[in-house]
Novice: 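I have a structure here, written as structure tokens, and I will follow up with some questions on it.
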Number of protein chains: 2
Amino acid sequence: MTKNVEKHDKEQQKEKENRSSEEFAYQKLKTAIRKRYITRGSKLVETTLAEELGISRTPVRSAIKRLESEGLVNIFPNRGAFVITPTRREIEETFQVRAALESMAIELAIEKASDEQIAELRHIINREYEILERKAMNEYWPNNNAIHLKIAEMSDNRVLFLRVSEILEQSSLYLVLYDPFSRLDYCPMAEHEKLFAALKAKNKAAARAAMEEHLKSSTAYVYVAEEVPEDYISLHSKMENP
Amino acid sequence: MTKNVEKHDKEQQKEKENRSSEEFAYQKLKTAIRKRYITRGSKLVETTLAEELGISRTPVRSAIKRLESEGLVNIFPNRGAFVITPTRREIEETFQVRAALESMAIELAIEKASDEQIAELRHIINREYEILERKAMNEYWPNNNAIHLKIAEMSDNRVLFLRVSEILEQSSLYLVLYDPFSRLDYCPMAEHEKLFAALKAKNKAAARAAMEEHLKSSTAYVYVAEEVPEDYISLHSKMENP
DNA sequence: CACTTGAAGATTGTATACAATTAATGTATA
DNA sequence: TATACATTAATTGTATACAATCTTCAAGTG
């Protein structure tokens, strides 16, 4: 399950330079999960990963804990760490929380944003069209996230920005985990345009409504391959093991 | 600075039983920070703490990382971990985010709460009067937090509940860190009654307004002993060292 | 046959030793 | 005197060894 983590002794050494081993392990694991080299529910065995990455268990262990605190992994004491398997309910709940944060962000953005920031946002949204034209699907999600991050940044509330970053990372992983072919038959450009229009017009109510609508429809497109029983794994709670 | 962490060899061994060393260190450190045995801005030296707690550096290090992920500590790579010194701005931003989460929570609570849960909430609020009559100040904050947690629980959204728990813990620490005598000349009973009334009447708009008002006035009572320059320490950002 | 029981192996949790980095101190030099 | 540099001490980061715990699976028991 965890064999697909790349391993090229020399190159890895290079990548590792100027980074702590823990940071290195963290990045590798995170991208391995996001790119689904490690599938949902699979166990992260410390010794195996340490060997594959060419470092010791200590930084690997540390990296796994960090991934847990970010909600990408569940740790069961004395039993091991597993990539999350979110339930339908968890996904919906997460998007609901995300909506609360992001709709506040866009309201604040209307108050605080500078013209430069609005222009930058426009630019990122434009890039979305271009990416889809080129069918460069691997660039799609980063750019989509950049749109939401930009809005959070415009709120001029650092704490809010950090919280949005976290939950954005988590919720976009949900989409990835359950999308078997990175199909993306869901194109939110119209919704992004609505967001932008309301923001530019400084219409708070419309902006909030557009954000809530956008995130609600995002949730709907999560493809839950096999319905997971509701009590299967609960985020951050140490229950039974898969 | 970190000398006041208690150390009674035998008792500690007992407390430690049935818990991992890391959990033990985490709890000890957390309460030491909350009770201000370790003051804000002070450095957490791994070897010292390990000796004081009678365990090795490994679990101490791990516990510190956990505290960082919860926002009670800042870690500067290769330099050490420090108890947070939040700026006025950070505090206000945090309360603003908290308001977004909790006002959503109370709206959902109006939809979902059972009569039993409402009765339980009433009970916790009543206990507040009783605690203040007895002047049992050490019971005050836990009970106050219990009120907010109960409302979050009533939302029937586990993800939201966890996020509220986190930010509640963080923001109540802010109050503690800057309140030199645990004076508590601020009595939010009237505000809690407003929350309850709106909840019971199932009036969403009033409930949201009451929550926002309540948290806004809480912020105002944070006593920032010495104004910290705005760029002093930024939460979660690795900048210069105190 | 279902259900315990009990080693043996695998994996996590902790301690400790060593390496790398930073902070502190003292000395030389302009 | 102030500044730059070098040396030393202190602290963090990583590797490895050992201990505790869980999982597995086979043998025994009702």
Side-chain angles (χ1 to χ4, degrees), chain A residues 1-3 5 9 12-29 38 41-69 73-83 233 238-242, chain B residues 1-3 5 9 12-29 38 41-69 73-83 233 238-242:
Chain A
M1 274 297 187
T2 65
K3 290 294 150 80
V5 178
D9 287 345
Q12 275 202 356
Q13 288 303 340
K14 260 192 180 161
E15 288 180 63
K16 227 185 86 177
E17 272 170 30
N18 286 330
R19 286 180 193 175
S20 68
S21 295
E22 183 201 319
E23 181 68 18
F24 171 70
Y26 168 74
Q27 294 292 348
K28 276 283 183 193
L29 281 175
I38 306 177
S42 59
K43 186 173 179 180
L44 302 177
V45 179
E46 295 171 3
T47 53
T48 312
L49 293 170
E51 277 179 17
E52 288 178 348
L53 295 169
I55 58 181
S56 80
R57 270 181 60 210
T58 311
V60 170
R61 196 174 159 73
S62 203
I64 290 175
K65 290 242 168 130
R66 185 167 161 199
L67 289 169
E68 193 211 17
S69 81
V73 157
N74 283 327
I75 295 179
F76 301 88
N78 285 314
R79 300 174 85 192
F82 302 81
V83 177
I233 272 189
K238 280 64 182 161
M239 308 176 64
E240 282 310 294
N241 167 337
Chain B
M1 274 298 186
T2 66
K3 291 292 149 83
V5 179
D9 286 345
Q12 273 203 357
Q13 288 303 341
K14 260 193 180 161
E15 287 179 65
K16 227 185 87 178
E17 271 169 31
N18 285 329
R19 287 178 191 174
S20 68
S21 294
E22 184 202 319
E23 181 68 18
F24 172 70
Y26 168 74
Q27 293 294 347
K28 277 281 181 191
L29 282 175
I38 307 176
S42 57
K43 186 173 179 180
L44 301 177
V45 179
E46 296 171 4
T47 53
T48 312
L49 293 170
E51 277 178 17
E52 288 178 350
L53 296 170
I55 58 181
S56 80
R57 270 180 60 209
T58 311
V60 170
R61 197 175 158 74
S62 204
I64 290 174
K65 290 244 168 129
R66 185 167 160 198
L67 289 169
E68 193 212 15
S69 81
V73 157
N74 282 328
I75 296 179
F76 302 88
N78 285 315
R79 301 175 84 191
F82 302 82
V83 177
I233 273 190
K238 282 64 184 160
M239 307 176 65
E240 280 311 294
N241 167 337

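Proteins get letters first, then strands, A, B, ... in listed order; numbering begins at 1 in each. Remember, it's a predicted structure, so these values are computed and weren't measured experimentally.
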Novice: Take the protein atom CZ of A/Arg19 and the nucleotide atom C1' of D/dG13, then report the distance between them rounded to whole Å.
Specialist: 17 Å
Novice: Quick one: list whatever passes salt bridge (charged side-chain N to carboxylate O under 4.0 Å, His left out) with A/Arg66, sequence neighbours left out.
Specialist: A/Glu23, A/Glu70
Novice: Within the structure, does a side-chain N or O atom of B/Ser56 lie under 4.0 Å from either OP1 or OP2 of C/dA15?
Specialist: yes
Novice: Using whole Å, report how far CG of B/Leu53 lies from P of C/dT14.
Specialist: 13 Å
Novice: Answer yes or no: is there a donor N or O on one side and an acceptor on the other, between the side chain of A/Lys65 and the main chain of B/Ala63, under 3.5 Å?
Specialist: no
Novice: Between atom CG in A/Leu49 and atom P in C/dT11, what is the gap in whole Å?
Specialist: 11 Å
Novice: Could you state the CZ-P distance from A/Phe24 to D/dG13, rounded to the nearest angstrom?
Specialist: 18 Å
Novice: Mind checking side chain to side chain contact (heavy atoms under 4.5 Å, CB included) for B/Thr58 and listing every partner two or more places apart, or none if nothing turns up?
Specialist: B/Ser56
Novice: Using OP1 and OP2 only, check whether a side-chain N or O of A/Ser21 sits under 4.0 Å from D/dT14.
Specialist: yes
Novice: Could you tell me the separation between the CZ atom of A/Arg79 and the CG atom of A/Asn74, rounded to the nearest 0.5 Å?
Specialist: 12.0 Å
Novice: Send over the distance from A/Glu22 CD to C/dA20 P, rounded to a whole Å.
Specialist: 18 Å
Novice: Can you check the B/Glu23 CD to C/dT12 C1' distance for me, whole Å?
Specialist: 16 Å
Novice: Any chance you could measure B/Glu22, atom CD, to B/Ile64, atom CD1, to the nearest 0.5 Å?
Specialist: 11.0 Å
Novice: For A/Glu46, enumerate each residue passing the salt bridge (charged side-chain N to carboxylate O under 4.0 Å, His left out) test, keeping only those at least two apart in sequence or located in another chain.
Specialist: A/Arg57, A/Arg61
Novice: Please tabulate the protein-to-nucleotide N/O contacts below 3.5 Å involving nucleotides 8-12 of chain D, giving atom names and distances.
Specialist:
from: D/dT12; atom 1: OP2; to: B/Glu46; atom 2: N; distance (Å): 3.3
from: D/dT12; atom 1: O3'; to: B/Asn78; atom 2: N; distance (Å): 3.4

